[in-house]
J.: 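Below: one structure in C-alpha cells.
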Number of protein chains: 2
Amino acid sequence: MARRARGTSAGLDREQIKSAAVALVDRDGLECFGVRRLAEELGVDPMSLYHHVKGKAALLDVVCEAVLAEVADATEGAPDDWEEIARRTAHSYRDMACRHPRVFPLLATRAQTSPVAVTALERLVSAMRMAGLPDRVAADAPMVLFGFLNGHLLASTGGGPEGPAPVPEFDSDTYPGMAALAPRWTDFGSAEEFDRMLDIVLDGIRARTARSA
Amino acid sequence: MARRARGTSAGLDREQIKSAAVALVDRDGLECFGVRRLAEELGVDPMSLYHHVKGKAALLDVVCEAVLAEVADATEGAPDDWEEIARRTAHSYRDMACRHPRVFPLLATRAQTSPVAVTALERLVSAMRMAGLPDRVAADAPMVLFGFLNGHLLASTGGGPEGPAPVPEFDSDTYPGMAALAPRWTDFGSAEEFDRMLDIVLDGIRARTARSA
DNA sequence: TTCCTAAACCTACGGCGTAGGTTTCGCTGG
DNA sequence: CCAGCGAAACCTACGCCGTAGGTTTAGGAA
C-alpha cells in the first residue's frame, strides 16, 4: 500500500467505512474481521478509522445497522392482511440472511431495538390488532416469529456462504426415527423448507387466536 | 501464583479443565475467555493445556458438550405423548440456557450433531411417528421447535446473567401498536412467557398435522 | 497572513493464540 | 537397582490484535 503524507486527506467517511466493513465480513467472516484488516482494505492507517467510528464494537454495530436497513421496506404497499405482512417480512429477513450469512450471527445475538426493526414490528403488530387478534396473541406472536426466524436462519446459514453442514447419516438401530426421517432433511436450508416451517408457525398463531376467542 | 518445577505434575485432566472452562465462561463471559485466562484460573502454564485440549476452538467445543450433557436425561421416564416430551425437552433446554446464559450463544451458533442432541431428537421424533404424525410434519416439527428455542433463548438470556435488555418505551404517535402492547412485554424472558410461546409453536405443529391428515 | 482544527499518520503497550524447544517426574523392563 | 523413555509440565518467541497518546499537515476562518 502506498503511504500517504501525514496531513493528506484519505477521503474517508462513515458511508464508505460502512460498506467496506460489510463487504469484509461478507468475504472473510467475523473471525478475521478487525480494525487493522478493515483499514488495510481501505488503504488507510488503522488509527484513522477511529476518527469516524469509536472502535471495533461500534464498527460491528454499523455493520448490523447496514444489513438491517436492507430489509426495511419489505411490506411497502402490502395489503393489511397480517399473515401476508408476516410472510413478506419473514421472506425479506431470510433473503437478507442469505445475502449476508456471516453477518447474521451478529444480528441474532444482539437485541434489535433500532428504528428499522421497530418499524417492521409496528407494521405487523398493528395489522394483527386491526384484524381483531387479542392483545395477548398480538404481543406474543412477533416474539415467536422472530425467535424462530433468528434460530432457524442461524442454523441454516451456518455462519457462512457454504450453507449448513449436511445432515449426517444416522445408525438405524440406535436412532430408527432419525434414520427414517433423514431423507426429509436433505433440503435443510432451502426456501421450500423455510416456507413449510413458516406455515407451521403461522398456523400456531392462528390456532392460538381461535382458542383465546 | 506459585511456580511449579518443570517436570512436576499439576494434576491436570480433561474433566477438571472442562469444569473450569464452563465456570470461567459463566463468570466472565465469552469475550474474556481464552487459553491464558483459563490457565491462570487453574494455576498452570498456558501451554500445559495444549497437552489435553487442541486449542481454543476445542476448548469451546468441550464447553458446549459439557452444558449440553446437562440437558440429556430430561425425558427419562416420561410418557410416550410427543407433546409432553416436547414440553419437557424445551423446559430442560431452557433451564440449561438460564443456568449458562453466557455459554448459550455458542450452542445456538453451532450445528448440534453430538450424540446427546441426537438422542433427544430421536426420543421426540419417534414419539411423533408413533402417534401417527405424517413424516413430513415429524421431520419439520423439531426443526421449528429448536429454531424457536435457539432464537428465543438467545434473545431472552441476552448473553449474560443480567437477562435481556428491558423493552424500551415506544412513542405512541409513530408506533401506536407497539406502545399499546408494551405492557404485555414486561415479562419478556419469564417462564410464563416461555410457556405461552411454546404453546403457540405446539399449536402450530398440531394444526399442521390436522391439515395434512 | 495567521491561527486553529480536523483528519490523517506513527509509535508503543499489553494481551492474545500457539509453534517449537527444554526440563523433569515416574513408570517399566532389564 | 537403575537406565531409559514417554508424558506432562514449563519457557521463549512470534505475529497478530485493539487502542491510547502524540505528531504532522492541509485547508478553512479570522
Side-chain angles (χ1 to χ4, degrees), chain A residues 1-25 27-64 102-103 105-106 109-110 159, chain B residues 1-25 27-64 102-103 105-106 109-110 159:
Chain A
M1 143 199 175
R3 299 232 166 139
R4 205 184 332 280
R6 244 176 166 159
T8 317
S9 167
L12 274 185
D13 69 344
R14 253 185 96 91
E15 210 55 36
Q16 191 182 358
I17 291 175
K18 182 192 295 188
S19 61
V22 173
L24 184 55
V25 177
R27 171 152 54 83
D28 294 347
L30 286 170
E31 315 285 299
C32 307
F33 181 79
V35 178
R36 292 173 123 100
R37 288 284 264 264
L38 180 59
E40 191 179 5
E41 208 71 17
L42 286 162
V44 146
D45 183 273
M47 295 315 290
S48 297
L49 293 177
Y50 282 78
H51 284 277
H52 303 271
V53 179
K54 274 193 176 279
K56 187 184 186 179
L59 269 173
L60 293 176
D61 284 341
V62 164
V63 170
C64 282
R102 311 187 120 136
V103 179
L106 226 51
T109 311
R110 291 148 180 248
Chain B
M1 144 197 174
R3 298 232 166 139
R4 205 184 330 282
R6 243 178 168 160
T8 319
S9 167
L12 274 184
D13 70 342
R14 253 186 97 91
E15 210 55 35
Q16 192 181 358
I17 291 174
K18 183 193 291 188
S19 63
V22 173
L24 184 56
V25 177
R27 171 152 53 83
D28 294 348
L30 285 171
E31 316 285 299
C32 308
F33 181 78
V35 178
R36 292 172 123 100
R37 286 286 262 262
L38 179 59
E40 191 179 5
E41 207 70 18
L42 286 163
V44 144
D45 184 274
M47 294 315 289
S48 297
L49 293 177
Y50 282 80
H51 284 277
H52 304 271
V53 180
K54 275 197 176 278
K56 187 183 187 179
L59 269 174
L60 293 176
D61 284 341
V62 164
V63 169
C64 282
R102 311 187 121 135
V103 179
L106 226 51
T109 311
R110 293 149 177 246

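Each chain gets a letter, A, B and so on, in the order its sequence line appears, and its residues count up from 1. Worth knowing before you read on, the calculation uses all heavy atoms, side chains too, and leaves out hydrogens, waters and symmetry mates.
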J.: For A:Leu38 and C:dA8, give me the distance from atom CG to atom P, rounded to whole Å.
T.: 13 Å
J.: To the nearest 0.5 Å, what is the distance between NZ on B:Lys18 and NE2 on B:His52?
T.: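 The NE2 atom of B:His52 is 14.0 Å from NZ of B:Lys18, to the nearest 0.5 Å.
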J.: Without decimals, in angstroms, what is the distance between A:Asp28 CG and D:dC16 P?
T.: 15 Å
J.: Under the 3.5 angstrom rule, does the side chain of B:Arg14 hit a backbone N or O of B:Val53 as a donor-acceptor pair?
T.: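 No, because the side chain of B:Arg14 does not come within donor-acceptor range (under 3.5 Å) of the backbone of B:Val53.
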J.: I need the B:Arg27 CZ to B:Arg37 CZ distance, nearest 0.5 Å.
T.: 8.5 Å
J.: Between the base of D:dA7 and the side chain of B:His51, is there any donor-acceptor pair under 3.5 Å?
T.: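 Flag unset: no donor-acceptor pair detected.
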J.: Please report, rounded to the nearest Å, how far the P atom of D:dA9 is from the CG atom of B:Leu49.
T.: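 In whole Å, D:dA9 P lies 9 Å from B:Leu49 CG.
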J.: Rounded to whole angstroms, how far apart are CD on A:Gln16 and P on C:dA7?
T.: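 Result: 13 Å.
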J.: Starting at atom CD of A:Glu41, determine the distance to atom P of D:dC17, rounded to an integer number of angstrom.
T.: 12 Å
J.: Rounded off to whole Å, could you give me the NE2-to-C1' distance for the B:His52 and D:dC10 pair?
T.: 13 Å
J.: Quickly work out the A:Asp45 CG to D:dC17 P distance and round it to whole Å.
T.: 13 Å
J.: Quick check: do B:Leu24 and B:Phe33 have side-chain heavy atoms less than 4.5 Å from each other?
T.: yes
J.: When you compare the protein's N or O atoms with those of nucleotides 16-19 of chain C, which come within less than 3.5 Å of each other, and at what distance?
T.:
{"from": "C:dG17", "atom 1": "OP1", "to": "B:Val35", "atom 2": "N", "distance (Å)": "3.1"}
{"from": "C:dG17", "atom 1": "OP2", "to": "B:Val35", "atom 2": "N", "distance (Å)": "3.1"}
{"from": "C:dG17", "atom 1": "OP2", "to": "B:Arg36", "atom 2": "N", "distance (Å)": "3.3"}
{"from": "C:dG17", "atom 1": "N7", "to": "B:Arg36", "atom 2": "NH1", "distance (Å)": "2.3"}
{"from": "C:dG17", "atom 1": "O6", "to": "B:Arg36", "atom 2": "NH1", "distance (Å)": "3.1"}
{"from": "C:dT18", "atom 1": "OP2", "to": "B:Tyr50", "atom 2": "OH", "distance (Å)": "2.7"}
{"from": "C:dT18", "atom 1": "OP2", "to": "B:Lys56", "atom 2": "N", "distance (Å)": "2.9"}
{"from": "C:dT18", "atom 1": "O5'", "to": "B:Tyr50", "atom 2": "OH", "distance (Å)": "3.2"}
{"from": "C:dT18", "atom 1": "O4", "to": "B:Arg36", "atom 2": "NH1", "distance (Å)": "3.2"}

J.: Working to the nearest 0.5 angstrom, can you tell me the gap between A:Asp45 CG and A:His51 NE2?
T.: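 The CG atom of A:Asp45 sits 9.0 Å away from the NE2 atom of A:His51.
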